[in-house]
Structures are given as structure tokens and as C-alpha cells.
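Reading through the C-alpha cells given below for one structure.
We're numbering straight along the sequence, starting at 1.
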Amino acid sequence: MAGGGYVVGVSPLGPAPPLWYHRDLSRAAAEELLARAGRDGSFLVRDSESVNGAYALCVLFQKHVHTYRILPDEEGFLAVQTSQGVQPKRFKKLPELVSLYLQPNQGLVTTLLYAVDREEAAVTDERDYSDGEDEKPPLPPRSVSTSTPPASESPTDRYKSVNQGGDQELENLVTKLAILKDLLSSIEKKVLSLSLSLTHSLSLSLSHSLTHSLTHSLTHSLTHSLTLTLINSLFRINYSDNYKSYFDVSLEIKKAPYCVCLRACVKQKREAFCQLLQLMKNKHSNQDEPDMISIFIGTWNMGSVPLPKTVASWVLCRGLGKSLDEMTVTIPHDLYVFGSQENSVCDREWVESLRTVLKEQTELDYKPIAVQTLWNIKLAVLVKPEHENRISHVGMSSVKTGIANTLGNKGAVGVSFMFNGTSFGFVNCHLTSGNEKITRRNQNYLDILRLLSLGDKQLSSFDISLRFTHLFWLGDLNYRLDMDIQEILNYINRKEFEPLLKVDQLNLEREKNKVFLRFAEEEISFPPTYRYERGSRDTYVWQKQKATGMRTNVPSWCDRILWKSYPETHIVCNSYGCTDDIVTSDHSPVFATFEVGVTSQFCSEQAYIEFESIEAIVKTASRTKFFIEFYSTCLEEFKKSYDNDSQSSDNINFLRVGWSNKQLTPLKPLLSEIEYLQDQHLLLTVKSVDGYESYGECVLALKSMIGSTPQQFHTYLSHRGEETGNIRGSMRVRVPSERIGTRERLYEWISVDKDETGGPKGKSTIVSRLGHEYVKSDGSEVDLSMSKNSYNNPAYYILEGVPNQSAAAILPELLPSPTSGNPPAAKAPPHSVRSKPSSVTLGHCPRRPMTGHQVCAINEEGSSEDDGGAPWGGSSSSLSVGESSVGEWLQRLGLERYEHGLLHNGWDDLEFLSDITEEDLEEAGVLDPVHKQILLQSLKQQHEQQQKII
């Protein structure tokens with residue numbers, strides 16, 4: 001809500017918000033409303049996405065949308081942002097400012113003529129308290145005070161009266177609540193500022209005796225110094241300049257005497273400082289840093305009842321669905337994440353009960369690193385004792401999505417942290433209930449995505465789905481099944497879940513790209529977890545008589561666990577199921593386990609990230625200039641490009657913008673080891689010059705870009721959970737030659753046996769799961785034709801592991817369906833480092849280089865850019881049968897990396913390659929199943945063409 005810096009009672013919107021004020025309407029939605037209006041001079045005002053407390057005035061002129069920022073000054077006056085040297089006109093209230101620009105010749109591109117009013121949603125009964133079963137909402141946790149407050153109107157009673165009084169009273173109530181929220185936020189900021197000033201004024205008196213010292217001098221003349229001193233078991237950190245000490249703290253560690261004295265640049269940010277501390281800790285640790293960890297995630301709607309006697313089956317993943325075998329369930333996980341809804345147990349009792357059951361099952365004393373609560377929605381994260389010091393940057397947040405977004409009976413809680421050099425985010429939510437309230441659930445998700453404050457504050461331009469290497473989203477999502485109750489029960493009795501999953505509301509909304517864009521979910525092979533008869537798991541209770549009539553709650557998979565990871569990262573889901581013996585609630589607890597690759601910290605000389613060019617297609621009717629901001633944990637601070645130097649449009653609703661290498665400055669990572677850089681990711685956001693608002697964000701993996709020659713990247717842009725365009729370019733990560741050595745990761749050299757049914761048999765390599773699934777896994781034929789103006793469909797095709805268009809032509813069945821921009825549910829391979837010892841083979845398997853994402857883009861009108869279907873105007877080529885050598889054939893497919901292995905194993909003649917088998921390819925080092933399929937399919941096509949010639 002805008003106006004965050006104003007005094008209570010002095011709203012810049014006046015006594016009631018004007019109808020042309022659309023609150024937090026997104027930029028894309030504003031453009032759609034103006035396009036629908038269709039008349040020059042149509043306008044609306046919304047909250048700015050780039051500056052808190054500011055607004056954006058959007059005006060339609062000649063079919064283009066022009067955006068003007070309205071900024072508050074220190075005195076609270078509002079003014080339209082003007083060019084340098086132009087005196088702005090200031091107003092106390094927003095309606096007064098708009099009234100001025102209703103007059104001609106006031107400096108805008110056109111006079112404001114036609115106000116576009118906000119679309120008022122019908123006010124309905126929003127009593128959405130506890131899956132529609134409770135007569136009143138659960139109360140929030142009791143405060144310390146036990147005194148009885150004076151009788152007053154409850155929020156529920158107030159809402160009922162507003163509902164009866166009409167829309168205007170509801171508007172006034174929401175405005176007052178927002179002003180009160182702004183006041184509390186302002187007080188919180190002042191208290192935080194005061195506490196920081198007090199903290200900075202403190203200093204600790206420590207001994208200055210040193211036993212050993214080492215000084216590292218930099219080449220610049222700098223004014224600030226950072227001293228790290230290790231004396232016996234005390235680790236002292238001092239940051240100061242020539243005049244005063246900013247902070248001086250000591251940490252007790254057990255290590256031999258050691259001292260490092262650094263002179264650090266004044267621009268050194270807190271994140272870089274923390275990385276140096278992490279480096280010191282890792283450097284002196286007696287333990288090797290892990291490159292893979294296992295994570296347990298559980299979600300359970302407890303039904304507002306006390307804890308059962310034991311929840312051992314939950315933490316041991318025993319029950320229905322894809323579960324761990326008896327040999328691996330007792331192996332402790334590195335992290336345990338427990339999400340609960342309708343949990344009436346106090347936080348301390350809840351956490352202690354979890355620690356107790358973990359100690360009983362693992363004999364380890366797990367340490368809680370974060371517990372976040374919103375009313376009865378709780379999220380607890382516990383970590384192995386040996387990993388406690390590897391956790392840093394812990395953050396917590398919550399968002400209310402109950403009645404008028406002010407009650408916390410529905411909403412979300414989140415926790416984020418760094419595990420060494422890998423960022424993690426966890427969100428536990430309880431969304432709106434009711435079979436028919438799909439739209440409200442979707443809006444709940446978008447509100448949480450936008451408002452949950454987690455992760456690096458520098459990444460505020462990105463929603464939380466792009467702020468973390470791995471983001472896990474769990475909870476009672478409350479999406480239901482759209483099918484007759486008797487049909488549902490019949491399918492459940494026959495254990496036929498596939499027809500039910502096709503009518504699952506969450507799956508349907510994901511296919512429409514309405515929610516959870518590019519998230520993954522493991523295949524569901526367990527029965528619906530809601531709504532059971534309490535005390536039993538044999539009967540679903542789907543009817544209840546209420547005063548308003550009979551209410552139906554069909555059995556549904558309300559309780560879910562999804563995730564989204566950066567590209568070219570390792571994550572495998574090893575189990576996904578529910579318990580069948582915890583019966584105190586009408587929901588069954590759900591569990592999932594993951595193996596996740598993590599990275600450590602390093603220190604070295606300078607590397608560079610260099611861009612040759614970038615080009616983007618964004619969905620917008622604006623014709624302003626754009627720039628790109630770059631963010632990464634491997635950068636000291638965010639960087640930005642210059643304005644785009646090329647711009648064109650073939651469709652009023654799309655814009656193509658480009659940046660040459662002159663507009664793109666090189667980026668300098670903090671650390672330069674290739675092993676460190678190949679685990680890093682770069683976040684990009686395309687922003688407008690006029691409003692400094694994001695038109696789309698994306699994430700790129702540096703792993704595929706490391707080398708002396710530029711590499712291509714193609715991916716999609718999204719904003720506020722919606723797909724807004726695509727982006728391509730050419731870049732390279734230049735690493736000093738002395739930093740090129742790497743070590744193999746645990747998940748790169750462990751292989752398992754797997755037969756045709758998924759069980760252990762044939763030899764295959766564990767394939768690292770990329771963060772986004774774009775490969776169609778069912779092998780069905782796909783129509784590649786794209787309908788005109790079908791922007792809701794994906795604006796590109798991406799193939800995992802397919803190196804070029806020649807290879808893509810071989811496997812059209814791997815392309816995603818044009819009717820669904822959402823990736824299919826991730827189906828993790830049933831293998832893991834936590835498998836039975838008898839089914840695991842340890843050996844030295846060649847590293848599989850990760851390839852960049854290949855894209856077949858469409859132009860602004862929704863059709864393929866070239867007749868040949870090549871991406872972004874590139875040339876299209878088909879397979880040829882005229883290659884004279886194995887090397888030429890592999891080069892044609894972009895798989896020349898396998899030439900040495902094939903030649904070494906005697907496959908040096910194309911005539912003999914037609915007899916090669918999958919086992920032969922594996923022995924020659926071709927371990928990627930997609931690459932094996934490409935090679936075999938190519939040989940088959942060549943053989944068929946040769947037969948036709950004969």
C-alpha cells in the first residue's frame with residue numbers, strides 16, 4: 001500500500017480512494033486495462049513497484065502506455081518526477097495532483113481525459129476459517145498479558161457489518177487498516193534504527209597480544225581496515241578507519257594462533273565481509289566441507305488438536321506413496337523442515353517434541369535454527385549439530401491473507417538461510433479453502449510471492465521464487481478435485497490416481513501458468529490426504545450439515561510440497577508420500593526427502609563475467625528505454641547496464657530491445673576458483689528507464705558459460721509469478737588459468753543400478769536435475785505449430801542437454817507442448833546416495849559437462865521467427881548422411897566431446913556405428929540418457945536414408 005511514510009490521518013488519497021487508483025495493481029495488468037480502454041488519454045494510478053510510498057501514473061497515447069513516477073519528498077508532498085533542472089509541482093494529496101494534469105499542456109505526453117476505474121470484485125462471505133468447518137476463526141496466540149480487555153467489536157463482527165453496509169464501508173475499513181499498518185511499520189523502523197545506533201556505539205575491550213601475524217597489502221591507497229585475529233581460542237574481528245573503530249567483536253573457536261590483517265575497500269559490503277568470515281572458518285575447519293546434503297520436508301494440517309503420542313512414521317517417511325526403504329529410513333538427514341497448519345501447540349512445546357522424536361530415531365541432538373509462526377501456521381527448521389556453524393544469514397517473515405489480508409488464520413510463514421555458499425528458502429502456507437475458491441487461492445499465492453520478505457535485501461526487485469538457489473513451498477494449499485464425489489471415491493478404492501490428478505485444481509492452474517511458474521512436484525502416488533474421518537484412515541467424511549445447507553468437501557490432495565531450483569543445480573526428490581497411522585486430524589501428514597548439491601567458499605585472483613550482447617522480447621505496450629540490473633552472491637554489489645541501444649516492434653503488445661557489448665560492463669566476481677564459479681548463478685532484471693520498474697526477471701547458471709569463448713544463453717522472463725517474455729544473449733566467464741582445476745562432486749561420480757521398471761539393474765549415471773524442467777517426459781508427439789497471439793503459451797522451447805538445433809530436430813517428442821507453458825511434474829529418478837549399499841556402484845565416471853539451454857523463440861506475433869524454426873533468426877540445419885568421419889558426425893550434433901571415448905573404444909568408422917548399442921555408448925563415456933537417445937536416433941535416421949538411396 002502506498003503512502004507508507006505519511007502521518008496517521010493524513011492520507012495522500014483523501015478520505016476515500018478514488019476509483020482511478022488501483023492500489024498494488026501490477027504493471028502488466030495496468031497495461032491490459034488501458035489497452036482494453038483503447039482511447040488516447042485513458043489513465044490510471046497504481047502503486048509503484050520500485051519505490052515504497054510512491055505511485056505510477058499510466059497514460060495511454062497512440063496505443064502505447066507511458067508511465068510517470070509520482071514521488072513523495074521529505075515533507076510528504078507529491079510530485080511527478082521531472083527532468084533535471086525542471087521545477088516539479090508539489091501537492092499534498094494525490095487527487096489534487098491528478099486534477100492538474102486533467103488540464104491541457106501540463107508536460108505529459110497527452111492530457112488526462114478518461115479515468116480507468118478499478119474493477120470492484122463482488123463482496124462475498126469470506127468466512128474462510130478452517131476448511132469451512134469452524135463457525136469462527138481460530139484465535140491468534142495469546143499474549144503475555146492475562147488481563148481481560150474491554151468489550152469491543154471483533155474483527156469478524158466488524159467485517160460482517162461492513163459486508164451489510166456496502167462497498168464504501170469496506171473501502172474505508174481497508175484504508176484505515178492500511179494507515180495503521182503504515183504507522184506500526186514506521187515505529188518498527190525507528191526502533192530498529194535506534195538499536196543499530198546503540199550497537200555501533202558499543203565497543204569491546206580485548207587483549208591486543210599477538211603470537212603470529214601476517215599482513216596482506218593491497219595496491220590501492222585505502223582508508224578502512226579490517227583485522228581478523230586468532231589468538232588461542234579467541235577469534236577477534238575489528239573494522240575501523242583512521243579515526244574510529246566501527247565494531248570490535250570476538251568469537252571463541254578452537255584453533256592454533258593465527259592472524260590475518262587486511263586493508264579493505266570502503267565499498268566492501270556486508271555480504272563480502274561475511275564471505276570472508278566463512279572462508280576463515282572453512283580454512284581452519286578440521287572437517288571437509290560437504291558438497292551434497294539430504295533434506296526432510298514435512299507438512300501437516302493438525303486440525304487444532306493436541307499432538308499425538310508419536311509422529312515417528314512422519315519423520316521416517318513411512319506410509320503410502322514413494323517412500324524410503326528400510327535400509328535408508330534410519331539414516332539421519334542433514335536438515336529437517338516441519339510445516340504445520342492449525343497447530344494450537346505453543347512454539348516451544350512444538351519444537352521440543354520434534355527434537356525429542358528426532359533424537360529417539362537418530363540419536364542426534366538436532367539444533368533449531370529458525371521457528372516462524374503466524375497465528376497457528378508454524379515453520380520449524382532443525383539442523384544436524386555438525387552443520388550448525390555452516391548456517392548463516394537466517395531470515396524469517398510472514399504474510400497474512402485472511403479476511404481483507406488482515407487476519408492471520410490464512411497466510412504464510414517463511415524461513416531463509418545460507419548453507420555455506422548455497423541459499424535456501426522455505427515457505428509454509430495455508431490458503432483459502434472451499435471447492436469453488438480457486439481464484440482466491442491463486443491470489444493468495446501471488447500475494448505471498450510478492451510480499452514475503454526473505455533473502456538478500458538487494459534482490460527486492462525479484463520475487464522470492466528467484467532469490468534462492470533452492471526454494472521449497474509446502475503447506476495446506478487447499479486446491480481440490482473437480483469431479484463428482486462418487487467417481488472420486490471409486491477411483492480411490494481402485495487406487496487409480498491418474499484420472500484424479502487430471503482434474504486436480506493445482507495441476508490445472510499450473511498448466512495455465514496461473515500459479516507456481518516453473519516449480520516442480522514429484523509424482524503423486526498416494527491417496528488424497530483430506531478429508532478423513534478423525535481416528536481412522538479408512539473413511540473420507542465429505543459431507544456436513546450446516547445452517548446454510550449441506551456442505552461438500554471432496555477428498556483432495558490439499559497438502560503439497562513443491563520446489564524451484566536454479567538451472568544446472570543438483571536436486572533429486574527421493575520420496576514423496578503420506579503417513580497412514582497418524583489419525584488425530586482430518587489431514588494426513590505429508591513428507592518428502594531431497595538430496596541437494598551445495599557449494600563452499602573460496603578465495604583467489606580476479607575472474608570476469610563478460611557479455612557480448614543481450615536481446616529480450618518483453619510483453620508491453622510501452623516504448624520507453626530499458627536497462628538491465630545484475631545480481632549475484634558472487635558479486636560485491638549489484639551492477640547495471642547502460643540503456644538499450646536497439647529497439648523494435650512488430651506487434652503493439654510486444655517490444656524487442658537489445659544491448660551491445662558497449663552497453664554491458666564486465667562483472668567482477670568476488671572469488672575466482674572455477675569450482676566456486678560453476679555453482680554460482682546470475683540474476684537479471686529488465687527495468688524501464690521511466691519508472692525503474694521490472695518488466696521481467698530471470699536466472700542464469702554460470703557453469704555453462706565458463707571458458708575462453710562466449711556461450712549462448714536463452715531463457716524466459718517472469719514477473720510477479722507470470723511469464724512476461726524471453727531473453728537471449730552471448731556471454732563468457734573468464735577464469736585465470738591457474739584457477740581451472742576442479743574436484744569431482746559426490747553426486748557426479750556415484751552411479752546406481754536401474755532396471756526398466758525403475759528398480760536397480762542396468763548401469764546408469766545419476767543425472768543432475770536442473771532447476772527448471774523443460775523436457776517432455778511422456779514421449780508423446782507434439783504439434784510444433786504456434787497459434788497467433790498466444791502469449792500465454794511459452795515464447796520459446798528449451799531442451800535439457802540438447803546442444804543444438806540439429807539435435808533438436810531429431811527429438812521433437814522432447815519439446816514441451818505448446819498448449820502448456822508449465823513443465824510437467826518432475827519425476828525424480830528413484831536413485832540416491834541414500835540407496836541400499838548393494839545397489840550403489842562407486843567408481844570414476846567422467847564428468848558430464850552441463851550444456852546451455854537451447855531455445856526456439858517466437859516473435860512478437862506468436863509465430864516462429866524463421867521458416868526453418870531456428871531460434872531468434874539463427875540458421876536451421878538438418879542431419880546429413882554425408883559425413884566422412886565420426887568427428888564430423890559428432891560435431892554436426894554438437895556432441896564432439898564424445899569423440900575421444902568412441903575412438904578409444906574402436907568406434908572409428910561410421911559404417912560400423914550402426915551396430916552400436918546403449919551399453920557400447922556407456923562404455924565410451926556417453927552417460928547422459930538424452931545424448932544417448934540423440935546419437936542412436938541419428939544413426940537410425942542415417943541408416944534409413946541410406947537404405948532409400950540404395
Side-chain angles (χ1 to χ4, degrees), residues 216-228 237-241 246-247 260-283 392-393 395 416-423 454-462 466-469 566 599-611 614 627-642 663-685 687 692 697-703 705-706 731-736 739:
H216 177 75
S217 60
L218 301 180
T219 57
H220 325 317
S221 175
L222 304 170
T223 60
H224 287 63
S225 66
L226 173 67
T227 304
L228 310 177
I237 310 158
N238 179 270
Y239 181 59
S240 62
D241 60 12
Y246 290 97
F247 60 82
V260 177
C261 181
L262 300 175
R263 297 191 63 80
C265 176
V266 68
K267 292 183 179 180
Q268 184 76 13
K269 297 295 183 287
R270 182 176 65 89
E271 297 300 322
F273 172 71
C274 291
Q275 286 197 8
L276 289 174
L277 293 184
Q278 186 73 35
L279 171 66
M280 289 286 293
K281 177 182 68 65
N282 293 346
K283 194 177 185 69
S392 63
H393 301 79
S416 64
F417 55 85
M418 296 284 292
F419 187 102
N420 281 349
T422 303
S423 58
L454 289 175
D456 190 346
K457 302 305 179 186
Q458 290 193 62
L459 303 182
S460 58
S461 299
F462 303 85
L466 288 175
R467 294 184 194 175
F468 306 101
T469 312
Y566 282 173
T599 181
S600 299
Q601 305 284 0
F602 301 88
C603 184
S604 68
E605 299 178 6
Q606 189 61 60
Y608 292 92
I609 303 172
E610 300 171 337
F611 292 89
I614 295 179
F627 62 94
I628 300 176
E629 287 184 349
F630 303 92
Y631 297 81
S632 177
T633 55
C634 70
L635 299 178
E636 182 178 321
E637 58 185 354
F638 81 91
K639 300 292 183 181
K640 60 184 293 186
S641 72
Y642 295 102
Q663 311 302 110
L664 302 164
T665 57
L667 308 178
K668 299 179 181 180
L670 285 168
L671 311 170
S672 297
E673 270 85 359
I674 188 173
E675 188 177 336
Y676 168 80
L677 290 173
Q678 69 183 6
D679 287 323
Q680 300 306 306
H681 294 80
L682 194 63
L683 294 170
L684 281 66
T685 174
K687 288 189 172 182
Y692 285 80
E697 304 97 49
C698 71
V699 58
L700 302 176
L702 297 187
K703 188 172 187 177
M705 307 300 164
I706 296 174
M731 63 178 288
R732 66 171 177 169
V733 180
R734 184 158 53 87
V735 181
R739 303 295 177 183

Checklist entry - Is the centre of the F462 ring less than 6.0 Å from the centre of the F468 ring? => result no
Ignoring hydrogens and angles, tell me if any N or O in the side chain of [X] forms a donor-acceptor pair with the backbone of [Y] under 3.5 Å.
X: T599; Y: T422; value: no
X: R467; Y: L454; value: yes
X: Q458; Y: F638; value: yes

First locate atom [atom1] of [X], then atom [atom2] of [Y], and finally report the distance between them rounded to the nearest 0.5 Å.
X: L682; Y: C634; atom1: CG; atom2: SG; value: 6.5 Å
X: I609; Y: K639; atom1: CD1; atom2: NZ; value: 11.5 Å
X: T665; Y: E610; atom1: OG1; atom2: CD; value: 11.0 Å
X: I674; Y: I706; atom1: CD1; atom2: CD1; value: 4.5 Å
X: L684; Y: S461; atom1: CG; atom2: OG; value: 12.0 Å

So, using side chain to side chain donor-acceptor pair (under 3.5 Å) as the criterion, who are the partners of [X] when residues are at least two apart?
X: S641; result: none
X: T469; result: S423
X: T685; result: S694
X: E629; result: Y631, K687

Checklist entry - Passes side-chain contact (heavy atoms from CB on, under 4.5 Å), M731 versus L702? Steps please. => result CA-CA 9 Å; M731 63 178 288; L702 297 187; 4.0 Å; yes
Heavy-atom closest pair, residues [X] and [Y]:
X: L466; Y: C698; value: CD1-N, 4.0 Å
X: P669; Y: A607; value: CD-O, 3.1 Å
X: S416; Y: G455; value: OG-N, 3.3 Å
X: D679; Y: E675; value: OD2-O, 3.4 Å
X: K703; Y: Q678; value: CB-O, 3.3 Å

Item to check | E697 and L683: CA distance, side-chain angles, deciding distance, side-chain contact (heavy atoms from CB on, under 4.5 Å) verdict | outcome: CA-CA 7 Å; E697 304 97 49; L683 294 170; over 6 Å; no
Next on the checklist: side-chain contact (heavy atoms from CB on, under 4.5 Å) for K668 and Y608? Distances and angles first, verdict last.
Outcome noted: CA-CA 5 Å; K668 299 179 181 180; Y608 292 92; 3.6 Å; yes
Checklist entry - Got F630 and L664 here, is their nearest side-chain heavy-atom distance under 4.5 Å? => result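 Yes. Closest side-chain heavy atoms under 4.5 Å.
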